[in-house]
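Some notes on the structure that comes next.
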Amino acid sequence: MAAPPIAPQELNRLLLDWYDRHRRRLPWRAEPGKRADPYHVWLSEIMLQQTTVATVGPYFRRFLELWPTVEDLAAADLDAVLHSWQGLGYYARARNLHKCAQAVAGRHGGVFPDTEAELLTLPGIGAYTAAAIAAIAFDRKATPADGNFERVFARLHAVETPLPDAKPILRGLAAALTPERRPGDHAQAVMDLGATICTPRSPKCMACPWHEPCEARNLGIAADLPRKSPKKQKPTRRGIAFWAVTPGGAALLRRRPESGLLGGMMEVPSTDWTEADSALAEAEAPVKGEWRLLPGLVRHTFTHFHLELTVASASVAEQKVTDGVWVPLDRLGEHALPTVMKKVVTHALAQAGKQKR
DNA sequence: GATTCGTGGTC
DNA sequence: TGACCAAGAAT
């Protein structure tokens, strides 16, 4: 049984009417009817990539305190940017953020380009983010097809093709509904709908402005869409982290390579992380010492593997190291430590402290 | 086109 | 407890 036909204009009227009444107040949004600051929109969109609104809030506010304009951000040290980004994850975003700020400050005199095509040329801005900035900051007709869009339109049209194969189909369906009038509000309306009503689990269909025309709801399969292709299971990698502390109370950290996993962030030196069992390999330690394995494990899960780190500890004299820096324990907070390394530090301090007593 | 890239919350 | 999930981009 096909759902009763409904004109695109009517769908859009229902959506915008709902949005005007239920619009979320978010730190990066302008007051109703006003144009948002493109710098704020860009910064928020980068932070929001694969990251929840609740997590982004404090980071967004902190970045604006530290760097009120894109030119301030462009003039900052990359280390300072990475440090402020610590805990947000996907650290390539922070490196590209800095690059992008420098491009905007340099090429455009601190003014963001206002077309999708130009935005797309900037570092860290892909198809989604270019469309989002064009629509939200400049009210241009663009379709930022994020996960919310995919879920909402998969349900509205009962698309049963699993993701990611369904992406181009869903993007087309969304684009067909993008209006000439208020395209920015339209985009934010779909996102708000996806975030608050058309949620992944237990969608609140009774409160949805598209309750009547939604094909998936009419079929009773709204909560089952979008379907997704099965994911590969994550392997477990293991390694030894070397916690070296001097009598003066300084620990050895080192900077990770600029690209790849946790690129540019600081770490407790460790062996490679491999799927093979890891024995205490003193030859791989960053400095010589009487290394002892601490009890327990540090567990952490990345996007595509589980990690189990065993921490080895040694008390050593402060010495020159080719690759690393000695950091006083009370100044660890000044360095850009990803969450997994904060876990290592916490575990090392707790267990090594116990041993001493 | 498939992989690589974090983290915290939720059920 | 573990798998899934979140306003994706780069390679």
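Not measured: the values here are computed from a predicted model.
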[atom1] atoms of [N] and [M], separation to the nearest Å:
| N | M | atom1 | answer |
| --- | --- | --- | --- |
| C:dA6 | B:dC5 | C1' | 15 Å |
| C:dA10 | B:dG1 | C1' | 13 Å |
| C:dC4 | B:dG6 | C1' | 15 Å |
| B:dG9 | C:dA9 | C1' | 23 Å |
| C:dT1 | B:dG8 | C1' | 16 Å |

Between [X] (side chain only) and [Y] (backbone N and O only), is there a donor and an acceptor less than 3.5 Å apart?
| X | Y | answer |
| --- | --- | --- |
| A:R24 | A:T196 | no |
| A:D272 | A:G239 | no |
| A:W28 | A:A36 | no |
| A:H347 | A:L294 | no |
| A:R256 | A:M265 | no |

Nearest whole Å is fine: how far is [N] [atom2] from [X] [atom1]?
| X | N | atom1 | atom2 | answer |
| --- | --- | --- | --- | --- |
| A:L48 | C:dG8 | CG | P | 8 Å |
| A:E258 | C:dA10 | CD | P | 17 Å |
| A:L163 | C:dG8 | CG | P | 12 Å |
| A:E308 | C:dG2 | CD | C1' | 14 Å |
| A:L97 | C:dA10 | CG | P | 12 Å |
| A:K234 | C:dG2 | NZ | C1' | 10 Å |
| A:R299 | C:dG2 | CZ | C1' | 12 Å |
| A:W28 | C:dA7 | CH2 | P | 12 Å |

Quick one: on DNA chain C, does A:L120 or A:R24 contact a more 5' nucleotide (nearest heavy atom)?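 Its nucleotide being nearer the 5' end, the pick is A:R24.
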5' precedence on DNA chain C between A:S44 and A:G124 (nearest-nucleotide basis): A:S44
Looking across every strand, which nucleic acid part, if any, lies under 4.0 Å from [X] by heavy atom: base, sugar-phosphate, or nothing?
| X | answer |
| --- | --- |
| A:W85 | nothing |
| A:K228 | sugar-phosphate |
| A:I133 | nothing |

Where along residues 176-194 of chain A does a heavy atom fall under 4.0 Å from DNA chain B?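 Under 4.0 Å from DNA chain B: no residue of residues 176-194 of chain A.
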Below 3.5 Å is the cut-off: list the nitrogen or oxygen pairs between protein and nucleotides 2-6 of chain B, distance only.
unit_1	atom_1	unit_2	atom_2	d
B:dC5	OP1	A:L261	N	3.2
B:dC5	OP2	A:H304	NE2	3.2
B:dG6	OP1	A:Y90	N	3.2
B:dG6	OP1	A:Y91	N	2.7
B:dG6	OP2	A:L262	N	2.5
B:dG6	O4'	A:Y90	N	3.0
B:dG6	N7	A:Y90	OH	3.4
B:dG6	N7	A:T303	OG1	2.7
B:dG6	O6	A:Y90	OH	3.0
B:dG6	N1	A:Q50	O	3.0
B:dG6	N2	A:Q50	O	3.2
B:dG6	N2	A:T51	OG1	3.1
B:dG6	N2	A:L88	O	3.4

Aromatic plane relationship, A:H40 with A:F60 - under 30° parallel, 30 to 60° tilted, over 60° perpendicular: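 Perpendicular.
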Hey, can you tell me if A:F302 and A:H300 have their rings parallel, tilted or perpendicular (30° and 60° cut-offs)?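 Answer is perpendicular, since the angle exceeds 60°.
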All pairs passing salt bridge (Lys or Arg N to Asp or Glu O under 4.0 Å) where residues 33-46 of chain A contributes a residue, at least two apart: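 Sorted pair list comes back empty.
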OP1 or OP2 of C:dA6 sitting under 4.0 Å from any side-chain N/O of A:R151? yes
We want to know whether A:N12 and A:H186 form a side-chain donor-acceptor pair, criterion being a heavy-atom distance below 3.5 angstrom.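 There is such a pair (donor and acceptor under 3.5 Å, judged by atom type) between the side chains of A:N12 and A:H186.
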Can a donor-acceptor pair be found between the side chains of A:T236 and A:E308 at a distance below 3.5 Å?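 Checked: A:T236/A:E308 side chains show no N/O donor-acceptor pair below 3.5 Å.
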Measure from the side chain of A:K231, starting at C-beta and using heavy atoms only, and say which of C:dA7, C:dC5, C:dA6 lies closest. C:dC5
